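Notes for the one structure printed next.
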Amino acid sequence: MVKPLVHIRMYREFKHLNLPAIDAEILQFWQDEKIFEKSVSQRPAGKSYVFYEGPPSANGKPGIHHVMARTVKDIFCRYNTLKGHRVERKGGWDTHGLPIELQVEKELGITKEDIGKKITVDEYNQACRNTVMRYKDLWDDLTRQMGYWVDLDNPYITFENDYIESVWWLLKRLYDKQTTAGESYLYKGFTIQPYSPAAGTGLSTHELNMPGCYKEVSDLSVIAMFKVRRNDASASFFDSPDEDVRILAWTTTPWTLPSNVALTVGPRIEYVKVQTYSPYNAMPVSVILAKDRLSAYFNPEHESLPMEPFDTAEKKPAIPYRIVKTYSGKELVGLQYEQLLPFVATPELDANGFKVIGGDFVTTEDGTGVVHTAPYFGADDMRVAREAGIPMIGIPNEKSPELPFPLVDRQGKFVEEMGDEFGGRYVKAEYYSKEVTSDKEFKSTDLLLCLKLKEENKAFKIEKYVHNYPHCWRTDKPVLYYPLDSWFVRASAAKERMAELNKTINWQPESTGTGRFGQWLENLQDWNLSRSRYWGVPLPIWRTEDGSEEVCIGSVEELSKLVDQSVSAGFMESNPYAHYHNHVGDKGVDLHRPYIDDIVLVSPSGKEMRRELDLIDVWFDSGSMPYAQWHYPFENEEVFKNNFPADFIAEGVDQTRGWFYTLHAIGVMCFDSVAYKNVVSNGLVLDKEGNKMSKSKGNVVDPFDTLSTYGADATRWYMLSNASPWDNLKFSVDGILETRNKLFGTLYNTYNFFALYANLDGWKHNEQKVMDYKKRSELDRWIISKLYSLVAEYRKEMDNYEPTKAARAIENFVDEHLSNWYIRLSRRRFWKGEMNEDKEAAYQTLWECLMVTNQLMCSLAPFFSDWMYRNMTAPIREAAKANNTPLRHESVHLSDLTRPDPAKIDTALERRMDYAQRICSLALSIRKKEKLRVRQPLQKVLLPVLNSSFIKEVDEVKELILSEINVKELEYITDASGLLKKKAKANFKTLGGKLGKDMKDAAAFIAELSNEQINSLEQNGSLEMSLNGTSYSLNTEDLIVSTEDLPGWKVATDEGLTVALDVTLSEALEAEGVARDLVNRIQNIRKDKNFNVTDRISVQIEQHPAVKGAVEQFGDYIKSEVLANSLSLSDSAAGDPVELNDSVTLNIQVEVS
RNA sequence: AGGGCUAUAGCUCAGUUGGUUAGAGCGCUACACUGAUAAUGUAGAGGUCCCCAGUUCAAAUCUGGGUAGCCCUACCA
């Protein structure tokens, strides 16, 4: 055949795979042609797949874990686009929160107090806005470079007035919503929070977790003795009329003892009453404490001492004791005791306070197993006390009698009502100035209290105790846990509904939804919204000073109207919102603090109302995004309705109680709806060793380096294929390299292979003339079947939000089936001979495989796929456009996902090809063992077979097998041959159930079955077996029959398949082997000399006995294989010395003829 | 402290309703192939399936109890 001398390069050919270059090329293409925009707009608006972007904060740099998180987001959006949905992806920025305030203050070198003094409010505000968008460009770069498609041009930004207004609207909705008991969903209450008296502000847990805040300090601890009151309930605790029974409770904060109202015990903990003497004055006393803690305070050796008072003058007195009784914690609950330090008391407290109550949090690790409980100074304390109905203790509060003022004021001092001795004293020594504490006479309040207890015979043990205690990051002084006013969302009232709706959400992985999230929902507490901050959404609630009247504002319009009234009432001079016209654009006046704090409203009764100074938790901001991103309900009502709830969201698993929760909570409480239907929570990205990435460890991976070195696709693919997104990923560039070489390298080679020959043959795909699959070869139909099996599997996994399984299915297909089998066996069809039907079939089949695989891959590997799609379809684009066929699309991302096609799947074909592959593998392994190179033809391969259907199936793929393993004929050995020896193995699965205990014996029995017995079973369908006196009937399914090795043959077996190879070499076979060697050597020479693939040549081979037979018998074969016009043996062949085998080297001359 | 995840080959991971030779890729060793060639194939070595106990004829798989690593939440009287 004569091929065109200069072939037209329709398909681009490449020297090397360069993924970053592909990224750049495709990125440019996407940008120029607005492919992302088209991928959204060309899909019908009514058929939406809704995705919510969890807003990142741009005041930190993006890390490699963001590539992971965003890949997960991206692939499902792209996938559903290909399935025909319109997938709007509005970007967003989280802009509020403490970290931003801290950063601004650090950069400006100011504190909160300086705002309005050293810098103007405007400046501060502007600084926050700038800081929060500091790395926006970097984020945008990452977004583009990694191929994350999200709308960056119209993001929602949480600090914008429109956004804030929507949040207000939601808050108002909660404010107006009432529980069945008539309680508002937004209410003011108070909780125990970390509080820094020195700074005069509450602290968040975030602040407490800042480095260095928890410090090891030595505090004075005391075990106090609480005297049990004698009454009907406690009668059984007294053994004699004058017995003094005390309960021991330990504290490291003696200053909270005056506020004690209860003692908490563990209901399941065992307690003992011990008769002994008070350690400081030797008075007889009976003490109650946890049994497990006994040994910490009593020396067992002293139990046998006579029961008499010890000498208090002794330094380390031996104190006798006796264990008198044992109680469970439950039995103690309800006991009343005398107030320990009666500075303040009420009749109500006497009646209902000073009680033993139960609490699950009590342990016996230290202390006495009894927890001194002062509700105002401990969150746990408050909770258990409330549950048990214990009244609060403190200075009467007229406004809310049930919540008296605490005995410690906001400066950290005891209130005056504590009397001369303690009133006005700082409860912590650290709050005093150094001058005061350096005085030798100075005694801390804790110490004074302890001494008082000792004196009054109320102390059991006083000692220094070293523990970790949180400190204020600003003042470095210890924090107090202190009751502070807060606004709450009554989430607890909606918890059943939240749990119920949660069950309708598809969580990936499921355990996060049922476990981490679900269990947490069941124990949901109210949501503390208040933050004493500056840069955030202001709480839109105005109150009169006495709290008797208040208003919650749900829109700027509403606010403006009230301001007008306020102006009329003379509380304000003018209305900054006067020019506010509903809805569109910014409102002109910033809704942030402190501008908003200047707004004074007038109450219905004509009183002045000022805003509650709190901001709201930033988590409420982000949970509001489904509504606020559209400025709903003020605008975009239709858009919102089409985009709620989300079909899909994805974030890190750390967002479970963050964004996942706030979305859910707001959705359920405000709309009685889930906010999302499917959620993927991805795990952490760790370093190679499995350590968390952190700046201090220096193991942080720069995403930009990674992307620009290895390309986005390899990085993305690696991250998703290596482990499920919800498992932690041990990030390693070796893994990316592996992905690059294995998957993309293979595909790239496959493409180049295709392009090379398609260019030579001038082959173009014609969508109008697809060859009937029935006309194609077995191999073609097989790979097509595999391909459509892959389509089905891929879609199933993606629909289940299992991207890792989807990715692995593709990898397996590309490597195992397409490259390693189909291409390998088909290579010859492409370069051999002229265009004919078989060659056409090969081209069409390979084309389809590449195109479909590539399309499946495009969600995960958007760049490479589009690159390949464009390379492959460039020659036919115009025709496709003209005919309006599927390949008219300029980008794979605009195409429609290939549909599963059961008609193209042939499982029987897949099975027999599997046989072929395994038979070849076995035959090759025999060759390998026998050191018989594949180029050496062999005469015969034998297959012992057990059933005729197997023969029929293998016959279909016989030619394939023979050519692959280079063997002349295939012969089956059946029962009839008499050569076949069978053996049987028990089928545990079918037999196990019915045999039970006899299973082991049965296995032995079956293994011993003779050939005849097996045959008889196969013929009769059953066989009797008697074991341990029971007889069983075996059927054919109960046995797994295989064949024994054939004596005298070279044999290999694998799972029931046995292959034997005839390894004797005839002269003709050897000559043919040499001929093939010669072909190989001549081809090498052609290549060394850079001949064109189509050049015709002439060949002279040096005369040698080793090649004589080969050239004589197989000369024509050699000539045709190497495109030689002439082939001759010559005594004087010039040319290159070539090693034919270990012992023979000869000259071969090859020239273009 | 509570909740969750993970533990299988040197590394990264599969492993169906429990079923008898526990797999793949990478790496390593050896070989083969050479019209995919900065490729490819085949084979080999490599396992206390984290530990202990239980259920069962049978456990990597189910149950209970531990251990280790990690995450979230809470924070200690």
Side-chain angles (χ1 to χ4, degrees), chain A residues 15-17 205 208 214 221 249-253 256 263-264 360-363 365-374 378-381 467-468 470 481 509 511-512 514-517 519-520 523 652-658 683-684 686 688 690-692 721-724 726-730 732 734-735 737-738 741-742 745-746 748-750 752-754 756-757 804-805 808 811-812 815-816 819-820 823-824 827-828 830-832 921 924-925 927-929 931 933-935 985-993 995-1003 1055 1080 1083-1084 1086-1087 1093 1121-1122:
Chain A
K15 287 227 167 81
H16 311 296
L17 174 63
T205 33
L208 288 187
Y214 277 87
S221 76
W250 179 62
T251 180
T252 57
T253 51
T256 61
L263 294 172
T264 309
D360 288 332
F361 64 93
V362 179
T363 69
E365 268 167 32
D366 44 23
T368 61
V370 182
V371 177
H372 142 64
T373 303
D380 273 340
D381 299 29
H467 64 158
N468 269 317
Y481 286 88
S511 60
T512 301
T514 53
R516 187 182 281 208
F517 193 61
Q519 288 181 21
W520 183 66
N523 298 306
V653 69
D654 56 343
Q655 293 296 334
T656 305
R657 292 172 194 181
L684 268 72
L686 308 170
K688 208 179 160 183
N691 298 309
K692 205 176 169 180
S721 65
N722 188 67
S724 284
W726 38 91
D727 290 332
N728 289 347
L729 173 70
K730 290 180 191 164
S732 152
D734 295 341
L737 280 172
E738 194 178 321
N741 295 341
K742 190 121 194 88
T746 303
Y748 160 83
N749 281 332
T750 307
N752 253 6
F753 173 86
F754 164 81
L756 174 69
Y757 292 109
T804 306
K805 288 183 178 172
R808 286 176 181 172
E811 281 176 3
N812 184 50
D815 190 48
E816 280 299 303
S819 167
N820 191 13
I823 300 278
R824 201 152 55 86
R827 266 170 16 206
R828 206 178 161 82
F830 289 92
W831 50 261
K832 192 74 183 168
S921 174
L924 289 170
S925 83
R927 275 183 173 275
K928 152 95 184 137
K929 257 187 213 127
K931 295 199 184 298
R933 62 194 195 282
V934 180
R935 266 199 302 270
K985 208 167 66 175
N987 182 350
F988 282 80
K989 223 169 186 170
T990 62
L991 286 171
L995 297 194
K997 278 185 181 156
D998 292 330
M999 190 61 223
K1000 267 184 187 154
D1001 295 331
E1055 281 184 46
N1080 164 243
Q1083 296 286 26
N1084 284 347
R1086 282 187 67 117
K1087 204 153 54 168
V1093 180
E1121 284 295 304
V1122 302

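Throughout, protein chains are lettered first and strands after them, A, B, ... in sequence-line order, and every chain is numbered starting at 1. As the structure is a computational prediction, the values presented were derived from the model and not from experiment.
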> Under the 3.5 angstrom rule, does the side chain of A:Asp381 hit a backbone N or O of A:Ala374 as a donor-acceptor pair?
Replying inline: yes

> For A:Phe753, what residues pass the ring pair (Phe, Tyr, Trp, His ring centres under 6.0 Å) criterion, not counting sequence neighbours?
Replying inline: A:Tyr757, A:Phe830

> Between A:Ser921 and B:rA43, is there a side-chain N or O to OP1/OP2 distance below 4.0 Å?
Replying inline: yes

> Which part of the nucleic acid, if any, lies within contact of A:Leu684, taking any heavy atom under 4.0 Å across all strands shown: a base, the sugar-phosphate backbone alone, or nothing?
Replying inline: sugar-phosphate

> Considering only side-chain heavy atoms of A:Ser819, which listed nucleotide, B:rA36, B:rA77, B:rC72, is closest?
Replying inline: B:rA36

>> OP1 or OP2 of B:rG2 versus the side-chain N and O atoms of A:Gln519: is any pair under 4.0 Å?
In response: no

> Taking atom types as modelled, is there a side-chain donor on A:Thr264 or A:Thr373 under 3.5 Å from an acceptor on the other?
Replying inline: yes

> Can you tell me how far P of B:rU73 sits from CZ of A:Phe517, to the nearest Å?
Replying inline: 14 Å

> Quantified in whole Å, what is the P atom distance between nucleotide B:rA1 and nucleotide B:rG66?
Replying inline: 11 Å

>> So if I define the base as every atom that isn't primed, P, OP1 or OP2, how would nucleotides 22-29 of chain B read as a B/S/- string at a heavy-atom cutoff under 4.0 Å?
In response: ---SS---

>> If you compare every side-chain N and O of A:Thr252 against the phosphate oxygens of B:rA77 (OP1, OP2), does one of them come in below 4.0 Å?
In response: yes

Which pairs of donor and acceptor atoms, one on a side chain in residues 996-1003 of chain A, lie under 3.5 Å apart (sequence neighbours left out)?
residue   : atom : partner   : partner atom : Å
A:Asp998  : OD1  : A:Asn1028 : ND2          : 2.7
A:Asp998  : OD2  : A:Tyr1032 : OH           : 2.5
A:Asp1001 : OD2  : A:Asn1028 : ND2          : 3.0

> Short question: side chain of A:Arg824, backbone of A:Asn820 - any donor-acceptor pair under 3.5 Å?
Replying inline: yes

>> I'd like to check the side chain to side chain contact (heavy atoms under 4.5 Å, CB included) partners of A:Ser732; sequence neighbours left out, ordered by chain and number.
In response: A:Lys688, A:Tyr718, A:Asp734

>> Between B:rG47 and B:rG10, how many Å separate the two P atoms, rounded to a whole number?
In response: 7 Å

> Pick the nucleotide of RNA chain B nearest each of A:Asp998 and A:Tyr481; which residue has the one closer to the 5' end?
Replying inline: A:Asp998

> In B/S/- notation, 5' to 3', how is nucleotides 6-17 of chain B contacted by protein heavy atoms closer than 4.0 Å?
Replying inline: S-----SSS--B

> Are any of A:Arg516's side-chain N or O atoms less than 4.0 Å away from OP1 or OP2 of B:rC72?
Replying inline: no

>> Classify A:Trp520 by what it touches in the nucleic acid, base, sugar-phosphate, or nothing, heavy-atom distance under 4.0 Å.
In response: nothing

> If you check the A:Asn749 side chain, which of B:rC71, B:rA36, B:rC76 turns out closest?
Replying inline: B:rA36

>> Any donor-acceptor pair, under 3.5 Å, between the side chain of A:Gln1083 and the base of B:rG35, if you only look at N and O atoms?
In response: yes

>> Among B:rG41, B:rG35, B:rC5, which nucleotide has an atom closest to any side-chain atom of A:Arg824?
In response: B:rG41

> Can you name the side chain to side chain contact (heavy atoms under 4.5 Å, CB included) partners of A:Thr804, sequence neighbours left out?
Replying inline: A:Ser724, A:Pro725, A:Arg808

> What nucleotide among B:rC72, B:rA36, B:rC57 has an atom nearest to a side-chain atom of A:Ile823?
Replying inline: B:rA36

> Of all residues at least two apart in sequence or in a different chain, which pass the side chain to side chain contact (heavy atoms under 4.5 Å, CB included) check with A:Thr251?
Replying inline: A:Val222, A:Thr253, A:Thr256, A:Leu257, A:His372

>> Counting runs of three or more consecutive pairs, Watson-Crick or G-U wobble, with each distance below 3.5 Å, where are the stems of RNA chain B?
In response: B:1-7 with B:67-73, B:10-13 with B:23-26, B:28-32 with B:40-44, B:50-54 with B:62-66

>> Applying a 4.0 Å non-hydrogen cut-off, can you work out what A:Asn812 is touching in the nucleic acid: base, sugar-phosphate, or nothing?
In response: nothing

> With sequence neighbours excluded, what pairs up with A:Lys985 under the side chain to side chain contact (heavy atoms under 4.5 Å, CB included) test?
Replying inline: A:Ile1040

>> My understanding is that only residues two or more places apart in sequence, or in another chain, count here; which of them pass salt bridge (charged side-chain N to carboxylate O under 4.0 Å, His left out) with A:Arg828?
In response: A:Glu1121

> What's the closest nucleotide to the A:Met999 side chain, out of B:rA36, B:rG4, B:rG19?
Replying inline: B:rG19

> Who are the salt bridge (charged side-chain N to carboxylate O under 4.0 Å, His left out) partners of A:Lys730, not counting sequence neighbours?
Replying inline: none

> On RNA chain B, nearest-nucleotide positions of A:Leu686 versus A:Gly515: which is more 5'?
Replying inline: A:Gly515

> For A:Trp520, which residues count as a ring pair (Phe, Tyr, Trp, His ring centres under 6.0 Å) partner, sequence neighbours excluded?
Replying inline: A:Tyr661

> Within the pair A:Ser511 and B:rC5, is there a side-chain N or O less than 4.0 Å away from OP1 or OP2?
Replying inline: yes

